[in-house]
Each structure stands twice: as C-alpha cells, then as structure tokens.
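Here the structure is laid out as structure tokens; the discussion comes afterwards.
Only a predicted model underlies this, so the values are computations on that prediction, with no experimental measurement involved. A note on names: the letters A, B, ... follow the listed sequences, proteins ahead of strands, and every chain is numbered from 1.
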Amino acid sequence: MATDIEVLLVEDDLGDVELMKESLKMSKLYINIVHVRDGQECMEYLRRTGKYETVKTPDLVLLDLNMPRKDGRQVLAEMKADKFLKDIPVVVLTTSHEVADISKTYGMGANHFVTKPIDFYQFNEIVNEIAQFWFTVVKLPDGKKGEAA
Amino acid sequence: MLLEGIEILIVEDDLGDVELIRESLKMSKLKMVLNHVPDGQECMEYLRMQGQYKAAKKPDLVLLDLNLPKKDGRQVLAEMKTDPLFKRIPVVILTTSDNEADINKTYALGANCFVTKPVDFPQIKKIVNEIAEFWFTVVKLPAGK
C-alpha cells in the first residue's frame, strides 16, 4: 500500500521552499509536498476554506516562525487549540535559535524545533533527517508510516 | 556543542526493556545520563522532585511507555502537558502498542512523537539510537541544549 505522505510547508521564503523540495526529492520516500506562503493561508488550508476546499489533511506540517499576515507562533497556537487539528505533528523549522522561541514553541505544543542551517548541504541533510525520522521511525496519526519509493 | 550530559528519563515497567534501552544507548557517541522510574506515579514524583527524587534534575527528554502500573502513560502525558512546569519537556512515546486510537490520542494529548517498540534487540537498538540521534543532533531542545 503505497500511500503518499502529505507534507505541508508553511514558508514565506520561496528560495527555502525550493531547497526543501530539492532536498526531499533525494529522499527515498514517497512524499507529496504542498506549500502555503503564510500563516493565514495555512489555516485556510487546514480548515479547507476558500481555494483549499478539496485538499487532504497533511500528515506533517513544517512551520516557519516569522511570516507575514499570521506568524508561525499563532498558527501553532490555533492548531493545538483546535480538536480537529491538534493531533497533526508540527515541526518548527526556522532560522531562529532564540532560547525563548524554542521554549515557547515547545510549551505551545510543537513536536520538534529545528534550526534551519544556512548552508545548502547542511540544509539538505537536516531536511532528510527530519523526513527519515518522521516517516520511517515514528508512527504518524492514523497509523501512517512512510514507504520507500 | 553538548558539554553537559543530556538527561533522559525512561518510564518503563519492563526491566528487560530498560536494560535493552541502556545497552542500545551505550554505543552512541552522545553523552547521556539515563534515569529510570518503573511507573507513572514515580515519574510524576521524579518530575516534581518529591520523596526519593528530591535531588533529581529536570530531564531533557522523557521516553514514556503507555501501559504502566499505578498511573499509566496516557495520564502522565496529560498531567505533564497541562502543567506549565513540565509541558515544555519533550515526550517520546515508546510502546509496544501500534493501536491507531492510542497513536491519535497521544498526539492530541501533546506527545512529541510516537514510536512503536520493536520486539527484537537489533531493531530496538536501531530505533533507540535513531531517536537519540534525531533528538540530540538535529532537534533543538527547550533549554537550548
């Protein structure tokens, strides 16, 4: 049963989105990546409103913190307070390595906090480690697990 | 980067499994301090530094079994994740269960990730080391460790 894993990238930096897509392409897993540019679109996507009426619930959200319109901290707070969305795992992936951000986002229910490296090779490595861990080691809600492509 | 040892609290009633986890982590190159409590009630006493745990350090990561005597893992998780003092401590559920209801419920209660314990030692070793590697080299922990 080869079900694709749906990853929702919430990221305003389109360069970073490209890097993540490139990095995940090299992973040996079936991953379907969808992208929204800010926190407001993320909530529309998750609640299937507006242009997102027919989307699937993601298996994992990769969430940036600093974004226009609605920032990642607020998205996290809204997701974790919503009984329909709170069991979706959220990996915070951000350039921030502020101790206050790390501590605060864990307190809000982030599953993991990962600092985005600046260099491409490290970036690539870290994105793949996240994918490997979440999709081969961990059990996702609804019993999904990654499958090798 | 990691000068201080990372404190891990293993909450597990099966002493055989505790040994397997300890053996697995011995081979890791990371500096870790493993502490163990046998049930959920002792886990809460440890976290609250009560009774015999007055000198306990706050763990950097909790490896939590679900089916435990006295107080089970689901209840420990619910108590931890609603307590302002403990809700930031990452909790990895490590259990033999792969029941979908357990998986969904523990994520909703705030588990950081859910891992099914394999049955044979080489697999356990592999999975425990993958958890340690990921948490302690990729992820940033709350204390900035």
Above 12 or not: heavy atoms from other molecules or residues under 6.0 Å from [atom1] of [X]?
{"X": "A:K70", "atom1": "NZ", "answer": "yes"}
{"X": "A:R37", "atom1": "CZ", "answer": "no"}
{"X": "B:K71", "atom1": "NZ", "answer": "yes"}
{"X": "A:I118", "atom1": "CD1", "answer": "no"}
{"X": "B:K125", "atom1": "NZ", "answer": "no"}

Sort B:I93 into side chain, backbone, both or neither according to what part of it lies under 4.5 angstrom from a heavy atom of chain A. neither

Sort B:A101 into side chain, backbone, both or neither according to what part of it lies under 4.5 angstrom from a heavy atom of chain A. neither

Is there a path of hydrophobic side-chain contacts, each under 4.5 Å between heavy atoms of I, L, V, M, F, W or Y residues, that connects [X] with [Y]?
{"X": "A:V34", "Y": "A:I88", "value": "yes"}
{"X": "B:I89", "Y": "B:V33", "value": "no"}
{"X": "B:V119", "Y": "B:F121", "value": "no"}
{"X": "B:F86", "Y": "B:M49", "value": "no"}

Any chance you could measure [X], atom [atom1], to [Y], atom [atom2], to the nearest 0.5 Å?
{"X": "B:K140", "Y": "A:D101", "atom1": "NZ", "atom2": "CG", "answer": "11.5 Å"}
{"X": "B:D98", "Y": "A:K139", "atom1": "CG", "atom2": "NZ", "answer": "4.5 Å"}
{"X": "B:C113", "Y": "A:W134", "atom1": "SG", "atom2": "CH2", "answer": "5.0 Å"}
{"X": "B:W135", "Y": "A:H112", "atom1": "CH2", "atom2": "NE2", "answer": "3.0 Å"}
{"X": "A:L140", "Y": "B:F114", "atom1": "CG", "atom2": "CZ", "answer": "11.5 Å"}
{"X": "A:F113", "Y": "B:L141", "atom1": "CZ", "atom2": "CG", "answer": "11.0 Å"}

Tell me whether B:R88 contacts the main-chain N or O of A:S103 through its side chain, where contact means a donor paired with an acceptor under 3.5 Å. yes

Under 4.5 Å to a heavy atom of chain B? For A:I130 that would be both

Turns out that what part of A:K104 lies under 4.5 Å from chain B's heavy atoms comes down to backbone

Below 4.5 Å, heavy-atom pairs only: which of A:T115, A:L85, A:V91 has the largest tally toward chain B? A:T115

Considering non-hydrogen atoms only, spot the tightest contact between B:V138 and A:V114 and give its length. O-CG1, 3.9 Å

Please say which of B:N112, B:I127, B:V115 ends up in a side chain to side chain contact (heavy atoms under 4.5 Å, CB included) with A:V138. B:V115

